[in-house]
Amino acid sequence: MSLVNVQEYSYRLVMADSLIVSQQLSIVVLFVAVFMHTLGGTINGNQMGALDIMIALGGYIVWAVCRTFPFFTFFMVLVSKRHVNMIH
Amino acid sequence: MNFISILPIQPTLSVLKLTSETVHSFSRTSTEAAGPSGKRKISLMSWKSILQLIGYGIGLYVISPVLAALTDPISDDTIAALSIILLLIHLSFQDYGYLNPEVSKSVTRSGARLPASPTSPKNSSQHENDTSQESGNNVSLRGSHAEISVTSSTELYHAPVSLNAAIFASLLMASRMRSHSHAFVIIAFAVELFALFPIMAHHLRRKTRVGSLVLVIVIFGLSILLLHPLSRVVTYIYAATIAFTTFISPFCLQWIQRYKNEIHGPWDEAVPARARRHGTRQ
């Protein structure tokens with residue numbers, strides 16, 4: 001029988017994980033804040049619609065870039081290769 | 001008066017069902033399906049998904065007059081209390097394993113999740129020796145005799161309780177709006193934030209950690225910016241909560257870890273040698 005403490009957490013990694021919880025909390029707060037502004041009349045319907053479209057488009061672009069990331073990397077390598085000097 | 005008897009159930013259920021179906025379809029589309037040859041098939045969005053999204057938008061707009069008058073006989077206090085409870089349920093039951101794909105790198109077999117190292121502990125290297133070849137949502141472990149196909153549990157966004165709670169809360173909140181167009185845009189905003197945003201955040205975090213960090217900072221800044229004119233006290237409480245969650249909680253976990261001991265002995269479950277070599281359980 002052995003009694004050992006086998007795990008040692010890295011503070012940086014745990015913090016990176018807890019950022020996800022903060023992100024979700026921020027999402028909820030953002031929604032409530034936007035709702036309160038819309039209810040109070042600070043943000044009107046047109047502005048809200050524009051915000052919806054902007055978020056949808058932005059989210060889609062980020063998602064699409066992430067999905068096709070290897071192709072973008074390949075493209076960037078091709079573009080940047082002419083600036084690289086090969087020394088033999 | 002009974003709350004359930006007042007609330008029109010049918011439109012609420014319709015919206016929840018539509019949202020769940022759309023998100024499930026979208027999440028399934030966004031996973032990288034591996035073909036029989038093992039090649040990754042990248043499909044950005046199928047026509048079916050696009051049509052489903054358009055249909056969802058039109059359906060939501062058509063029933064938005066009903067949704068705008070959904071909770072007229074119910075008082076504001078009840079709606080506020082219920083919304084807070086539902087949003088807390090949303091936060092509690094969120095699929096954080098999906099949102100943080102690095103955490104759940106452990107391979108599962110027939111949907112059951114193996115105990116993963118939550119934050120990649122330094123000394124536990126048994127998972128790092130895993131010889132599995134991950135290809136999208138399918139993971140194949142090649143043994144000497146047979147090829148075992150297992151599925152990672154975090155490839156699909158699966159948080160039905162959380163999603164339904166958030167959409168239901170947004171329905172309740174949208175029903176306090178002045179016009180049906182306001183109700184429509186609020187529900188659309190809620191669908192983007194609570195249903196589609198996690199899928200995007202998952203893919204972003206898989207590709208770049210810096211991008212994910214920037215996203216969190218942008219959302220935090222926006223929240224502070226919008227919350228400050230409403231209430232200064234709430235803004236401070238929110239900032240303090242975020243600081244506690246992000247900086248103090250990890251410190252507490254690290255500090256309390258020294259008091260946790262793992263006891264090994266003859267009562268431990270036997271692990272077959274072949275399974276240990278491949279880094280998984282048989």
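Residue numbering restarts at 1 for every chain, and letters A, B, ... go by the order of the sequence lines. This one's a predicted model, so the numbers in the text were calculated from it and none came from an experiment. Side chains are part of it too, since the values below use all heavy atoms of this structure and drop only hydrogens, waters and symmetry mates.
- For a residue to count as touching a neighbouring chain, one of its non-hydrogen atoms must lie under 4.5 Å from one of that chain's; by this rule L230(B) touches chain A with the side chain only.
- Interface summary for chain A: among S249(B), A190(B), A166(B), the most heavy-atom pairs under 4.5 angstrom belong to A190(B).
- Neither the backbone nor the side chain of F244(B) comes within contact range of chain A, judged by heavy atoms closer than 4.5 Å.
- Among H37(A), M48(A), M36(A), the residue making the largest number of heavy-atom pairs under 4.5 Å with chain B is H37(A).
- Ring centers of Y157(B) and H202(B): at least 6.0 Å apart, outside the cut-off.
- One distance of note links CG of L215(B) with CZ of F197(B); it measures 4.0 Å at 0.5 Å rounding.
- Screening T245(B), T246(B), T241(B) for a side chain to side chain donor-acceptor pair (under 3.5 Å) with S22(A), the sole residue that qualifies is T246(B).
- Between chain B and the residues L30(A), D52(A), V21(A), the largest count of heavy-atom pairs under 4.5 Å involves D52(A).
- Looking at S170(B), the atoms closer than 4.5 Å to chain A (heavy atoms on both sides) sit in the backbone and in the side chain alike.
- For S26(A), the side-chain hydrogen bond (donor to acceptor under 3.5 Å, both in side chains) partners at least two apart in sequence or on another chain are Y238(B).
- For A201(B), the part lying near chain A is the side chain, with the backbone staying farther off; criterion is any non-hydrogen pair under 4.5 Å.
- Using a 4.5 Å cut-off between heavy atoms, I186(B) contacts chain A through both its backbone and its side chain.
- In terms of non-hydrogen atom pairs under 4.5 Å with chain A, the most contact-rich of H90(B), M173(B), Q94(B) is M173(B).
- Residues S83(B) and I79(B) form a side-chain contact, since some pair of their non-hydrogen atoms from C-beta on lies under 4.5 Å apart.
- Annotation for F251(B): atom CZ does not count as buried by contact number, only 12 or fewer foreign heavy atoms lying within 6.0 Å.
- In this structure the side chain of L67(B) reaches within 4.5 angstrom of the side chain of L60(B), judged on heavy atoms.
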